Every structure is written in C-alpha cells, then in structure tokens.
Amino acid sequence: MLYIANHFFRRILVDGGSLVNIIFLVTLKRMNIPESEIIKRLSVLIGFSGEMKHTIGEIKLPIYIEGVNSIQNLCVIDTLSSYNVILGRPWIHEMKVVPSTYHQCIKMPTPWGTMKIMKDQKESKECYKTSMKPTTKPQQA
C-alpha cells in the first residue's frame, strides 16, 4: 500500500529512467491540496519519446509505503496521464528500492526485513487501457 499525504494510491509508476518524481496537477486537486502549496520552479522535462513538458513547480509530500515514511520532492505537471504519480530515481535511491520490470514488483528494505510489493494486475490493465484512449476527439470533415 502506498500513501501520499495520507491518501491511498494504486496507479503508481516506479520508473528507474526518470530523473525526478512526478505528480500530476489533477492528482493534487483530488487530494484537495491547494496550488498555493506548489513552489513555483519552472523547468522542462523531456519524455521518453522526446516530447517536452513544462513543470508548474514542485511540492514536498510525505510518502508512506509498507511501514516506511519519506518526504519527497515531486515535480508538478499539468497534463493527462493514466498514472497518479511517477516515482523516479530520487525515491528509488532514497528508499533503496530494487525495481524489477521482468517480475513486475519492487523489493525494499524495511525495519522488519525485505518487503516485496507486487503489481496489481487489474490496475495495470486499466492504466494500459486508459493510456490507449485518444485524448482528443478526431475532427470530422
């Protein structure tokens, strides 16, 4: 189970290729976190396919997973995504997480030993379906 600022989330992408942690503006709005909490720090992120996205700023939020707490900086982006949050290398390294794309899980040390967290097959399929839907309606002639 993963909680961010005391809100439970399922649609999380752990991405070892991401140099930053990302949260989407719509997610913050659903959490009732006002935009005034965002520290205005504009920067440009370049996606896997080369597209550029401008950040609104960043926000520090507590992340709780399997009994372990951390405070993370998250870049805020105003764009559509099938995920709520993307946890990148800053979170992976701080938490000493070992992600496995092959096994679709992460392993992480906790005070009680190594914890293995498996993906949720149903949520994974829903994220995939959502990502395949067109974001705009095609124009009719």
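Note that the structure is predicted; figures quoted are calculated from it, not measured. Just so you know, residue 1 is the first one in the sequence shown, and it goes up from there.
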* To do: Evaluate side chain to side chain contact (heavy atoms under 4.5 Å, CB included) for Lys29 paired with Glu35, printing each intermediate quantity in order.
  => CA-CA 8 Å; Lys29 288 179 179 178; Glu35 286 189 49; 3.6 Å; yes
* Asked: Is the number of heavy atoms from other residues, nucleotides or ligands within 6.0 Å of CG (Asn69) greater than 12?
  -> yes
Value rounded to 0.5 Å, distance of [atom1] in [X] from [atom2] in [Y]:
{"X": "Glu37", "Y": "Met31", "atom1": "CD", "atom2": "CE", "value": "11.0 Å"}
{"X": "Ile59", "Y": "Ile38", "atom1": "CD1", "atom2": "CD1", "value": "5.5 Å"}
{"X": "Ile71", "Y": "Lys60", "atom1": "CD1", "atom2": "NZ", "value": "8.5 Å"}
{"X": "Asn21", "Y": "Cys75", "atom1": "CG", "atom2": "SG", "value": "8.0 Å"}
{"X": "Met118", "Y": "Ile106", "atom1": "CE", "atom2": "CD1", "value": "11.0 Å"}
{"X": "Ile22", "Y": "Ile86", "atom1": "CD1", "atom2": "CD1", "value": "4.5 Å"}

What's the shortest heavy-atom distance between [X] and [Y], and which atoms?
{"X": "Ile12", "Y": "Tyr83", "answer": "C-CD2, 4.0 Å"}
{"X": "His54", "Y": "Ile77", "answer": "O-CG2, 4.4 Å"}
{"X": "Pro90", "Y": "Ser18", "answer": "CD-O, 4.2 Å"}
{"X": "Leu42", "Y": "Ile56", "answer": "CD2-O, 3.5 Å"}

* Asked: How would you list, by chain and number, every residue that makes a side-chain hydrogen bond (donor to acceptor under 3.5 Å, both in side chains) with Thr55, sequence neighbours excluded?
  ->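 Counting only residues at least two positions away or on another chain, Thr55 forms a side-chain hydrogen bond (donor to acceptor under 3.5 Å, both in side chains) with Ser43.
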* Please list, chain by chain and in numerical order, all residues satisfying side-chain hydrogen bond (donor to acceptor under 3.5 Å, both in side chains) with Asp15, sequence neighbours excluded. =>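 Once residues adjacent in sequence are excluded, Asp15 has no partner under the side-chain hydrogen bond (donor to acceptor under 3.5 Å, both in side chains) criterion.
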* To do: Check the pair Leu28, Val76 against side chain to side chain contact (heavy atoms under 4.5 Å, CB included), reporting the backbone distance first and the verdict last.
  => CA-CA 9 Å; Leu28 287 176; Val76 181; 3.8 Å; yes
* **Minimum side-chain heavy-atom gap Leu74-Val85 below 4.5 Å** =>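 Side-chain contact under 4.5 Å: yes.
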* **Side chains of Met95 and Ser70 in contact at under 4.5 Å (non-hydrogen atoms)** =>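 In contact.
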Solution key, residues 61-68 side-chain donor-acceptor pairs under 3.5 Å, sequence neighbours excluded:
{"unit_1": "Tyr64", "atom_1": "OH", "unit_2": "Gly67", "atom_2": "N", "d": "3.4"}
{"unit_1": "Glu66", "atom_1": "OE2", "unit_2": "Met1", "atom_2": "N", "d": "3.0"}

* May I ask whether Val98 and Ile117 are part of the same hydrophobic cluster, defined by side-chain heavy atoms of I, L, V, M, F, W, Y residues being less than 4.5 angstrom apart, directly or through others? => no
* Which residue pairs pass the salt bridge (Lys or Arg N to Asp or Glu O under 4.0 Å) test with at least one member in residues 78-103, sequence neighbours excluded? -> none
* Backbone of Asn84 reached by a side-chain donor or acceptor of Thr27 within 3.5 Å ->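 Yes, the answer is positive, given that a donor and an acceptor are paired below the 3.5 Å cut-off.
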* Asked: What residues, two or more places apart in sequence or in another chain, satisfy ring-ring contact (aromatic ring centres under 6.0 Å, His included) together with Tyr102?
  -> none
* Structure fact -> Applied to residues 2-36, the ring-ring contact (aromatic ring centres under 6.0 Å, His included) test, sequence neighbours excluded, yields Tyr3-Phe8
